[in-house]
2 protein chains.
Amino acid sequence: MAKVDTSLVAHLPLFTGVKPEDLEEILREARSARYPKNTAIFEQGADAQSFFLLLHGHVRAAKTTPTGEQIVVRYVAPGETFGLAMAIGAARYPATAMAVDDSVVLIWPNSAWPRLIERFPSLAANTLQTVGARLQESHTRILEMSTQQVEQRVAHVLLRLAKQSGKKSDHGIEIDFPISRQDIAQMTGTTLHTVSRILSGWESQGLVESGRQRIILRDPHRIVVLAERTADSGPA
Amino acid sequence: MAKVDTSLVAHLPLFTGVKPEDLEEILREARSARYPKNTAIFEQGADAQSFFLLLHGHVRAAKTTPTGEQIVVRYVAPGETFGLAMAIGAARYPATAMAVDDSVVLIWPNSAWPRLIERFPSLAANTLQTVGARLQESHTRILEMSTQQVEQRVAHVLLRLAKQSGKKSDHGIEIDFPISRQDIAQMTGTTLHTVSRILSGWESQGLVESGRQRIILRDPHRIVVLAERTADSGPA
DNA sequence: GCCCGGTTTTGCGCTATCGCAAACTGCAAG
DNA sequence: CTTGCAGTTTGCGATAGCGCAAAACCGGGC
């Protein structure tokens, strides 16, 4: 197992307030692994045995109902942790994690967690902050689902993805991992059909350019306007 | 300021792993306050200066959009913390907290938080667990909003409220704080009209008994069935 | 270069739910 | 007891978005 260079991860929010020599000790407890595109990292309901830090790639966390419907909880970007079941007191993973691109992760055994937070309390504090931030995002998402219509929600999601994982390309921002209409539907509480219609509409207005699992925001500013538009404040 | 009896709070999840003498020290930093029914404890967007532990009563946390729509984030039951902005790294309260019943709370100044978690790391760990639990509940709520129809969502919410704050009465479980149709609408992402229609329907089937800000589940079991029913698995 | 399967597009009817409006009700204050 | 008002009920028309079905499309694998 290759040793992880501390300089690659030292600046991450998770490690703020951790001394370099401590960081090294923390990293010694982890191993790294590579997951090819479209492989599962863990499954919803499985015994939680590890927690993860994404180094490269992108991971989709999705939750499935007993009847098979899915929602995308979030996309994990490099530098973010995921699978923190142990930290939040869950014995099993509440969602499925899947690499949507070739991905590299650091993996700590759950058994290391209690020891780590005892020796390095900043870890607990930092984790609390990131989990808190996710909680707020969830609340925002609930608020949006309750008060906005589908088009605005899709606009918000695309803007959020662009901010989190946008790659500036010629005349636009491209979401730099493969994402389908279906995925967006599962992030906004709608169907892939409706998402497709909306994107088609936007494409014909030059707002976006999109194709197979690929979306480029050509005119982010006008999309922001769309996102913020109230139901009744539309055009003539 | 009256001194708080440690025995009243020692068993709370927040304080698991805290030694009795430490608990006393923690409580010394708090003051207690009483909020009459329908008074605000803090407002969304205000500078977060304190965090809270509810001792008696019930508190509604609600989030408002720029355009005035509201959702109920959650109802706080006695023994639960709220207003943890500082802990999760927010400078302002992300929601408004309102006493829905005469309520008594413990209040710590935010400035005490860093010191407390340094001296008593279990506090951070415990808080992480409760925030994590709330995050999972939020995800469940998003899942429900995405995949279920309104009637099922209302059923789920009532069952959740009954479990959290249900008082067994003659032949049923009564939600033991005032809650309006509007509140339920704001918890389920619908309108008070639709909630009213649903409850009327249930009432005529003997599932619930309800009135002005008051709901009694007469037949929880059948409500569970409703909650779990798939869109197409209905009766003839 | 061709074929296959997953993805996307689009049409069309349907319906759950909204939105508005109006009437009703019961608690609480005076 | 009366009155006022917040909360609730109910009717009715409007519609956003779903669900199903079919066709078109695209990219990668062989």
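In what follows, chains are A, B, ... by sequence order, proteins preceding strands, each numbered from 1.
- Between B/T188 and B/T190, the side chains place no donor N or O within less than 3.5 Å of an acceptor N or O (distance only, hydrogens not considered).
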Throw together a table of side-chain donor-acceptor distances under 3.5 angstrom for residues 47-63 of chain B, partners on residues two or more places apart or in other chains.
| residue | atom | partner | partner atom | Å |
| --- | --- | --- | --- | --- |
| B/H58 | NE2 | B/D176 | OD1 | 3.3 |
| B/R60 | NH1 | B/D183 | OD1 | 2.8 |
| B/K63 | NZ | B/P94 | O | 3.2 |

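- In summary, A/E144 and A/R153 do not engage in a salt bridge, as defined by a charged side-chain N under 4.0 Å from a carboxylate O.
- A heavy-atom distance below 4.0 Å to DNA chain C is reached by these residues of residues 192-199 of chain B, ordered by number: B/H193, B/T194, B/R197.
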Got a list of side-chain donor-acceptor pairs under 3.5 Å for residues 131-141 of chain A, not counting sequence neighbours?
| residue | atom | partner | partner atom | Å |
| --- | --- | --- | --- | --- |
| A/R134 | NH2 | A/T81 | O | 3.0 |
| A/R134 | NH2 | A/T81 | OG1 | 3.2 |
| A/S138 | OG | A/R134 | O | 3.2 |
| A/S138 | OG | B/H139 | NE2 | 3.3 |
| A/H139 | NE2 | B/S138 | OG | 3.3 |
| A/T140 | OG1 | A/Q136 | O | 3.0 |
| A/R141 | NE | A/M187 | O | 3.4 |
| A/R141 | NH1 | A/V72 | O | 3.1 |
| A/R141 | NH1 | A/V73 | O | 3.0 |
| A/R141 | NH2 | A/V72 | O | 2.8 |
| A/R141 | NH2 | A/M187 | O | 3.4 |

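- Put simply, CD on A/Q149 is 10 Å from C1' on D/dG17, counting in whole angstrom units.
- In the set C/dC18, D/dG17, C/dT9, C/dT9 carries the atom at the smallest distance from any side-chain atom of A/R181.
- Closest approach of A/F42 and A/G83 over heavy atoms only: CZ-CA, 3.6 Å.
- The separation between A/I184 atom CD1 and C/dT9 atom C1' is 15 Å, rounded to whole Å.
- In this structure, the CD atom of B/Q148 is 16 Å from the P atom of C/dA16, given to the nearest Å.
- Once rounded to the nearest 0.5 Å, the distance linking CZ of B/F82 with CG of B/L84 reads 9.0 Å.
- Contact annotation: A/T191 reaches the phosphate of D/dC18 (side-chain N/O to OP1 or OP2, under 4.0 Å).
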Side-chain donor-acceptor distances from residues 33-41 of chain A under 3.5 Å, at least two apart:
| residue | atom | partner | partner atom | Å |
| --- | --- | --- | --- | --- |
| A/R34 | NH2 | A/D102 | OD2 | 3.3 |
| A/T39 | OG1 | A/P36 | O | 2.6 |

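- Rounded to whole Å, the distance from CE on A/M145 to C1' on C/dT17 is 15 Å.
- Whole-Å rounding puts the B/I179 CD1 to D/dA6 C1' distance at 16 Å.
- Nucleic acid contact class of B/G189 (heavy atoms, under 4.0 Å, all strands): sugar-phosphate only.
- Separating the CH2 atom of B/W202 from the P atom of D/dT8 is a distance of 15 Å, rounded to the nearest angstrom.
- Side-chain atoms of A/S180 and A/Q213 form no donor-acceptor pair, as typed in the model, at a separation below 3.5 Å.
- Using a cut-off of 4.0 Å between Lys/Arg side-chain N and Asp/Glu carboxylate O, B/R74 and B/E80 are scored as salt-bridged.
- A donor-acceptor contact closer than 3.5 angstrom is absent between the side chains of B/S146 and A/Q186.
- Along DNA chain C, the nucleotide nearest A/R214 and the nucleotide nearest B/E151 are compared for position; the residue whose nucleotide lies closer to the 5' end is A/R214.
- Rounded to 10°, the helix from C/dG1-D/dC30 to C/dG30-D/dC1 has 50° between the axis fitted to its first five pairs and the one fitted to its last five.
- Using modelled atom types and a 3.5 Å distance limit, the side chains of B/T127 and B/T130 yield no donor-acceptor pair.
- At D/dT8, none of the side-chain N or O atoms of B/S200 fall inside 4.0 Å of OP1 or OP2 (strictly under the cut-off).
- In the region residues 203-213 of chain B, proximity to DNA chain D at under 4.0 angstrom, judged on heavy atoms, holds for B/G211, B/R212, B/Q213.
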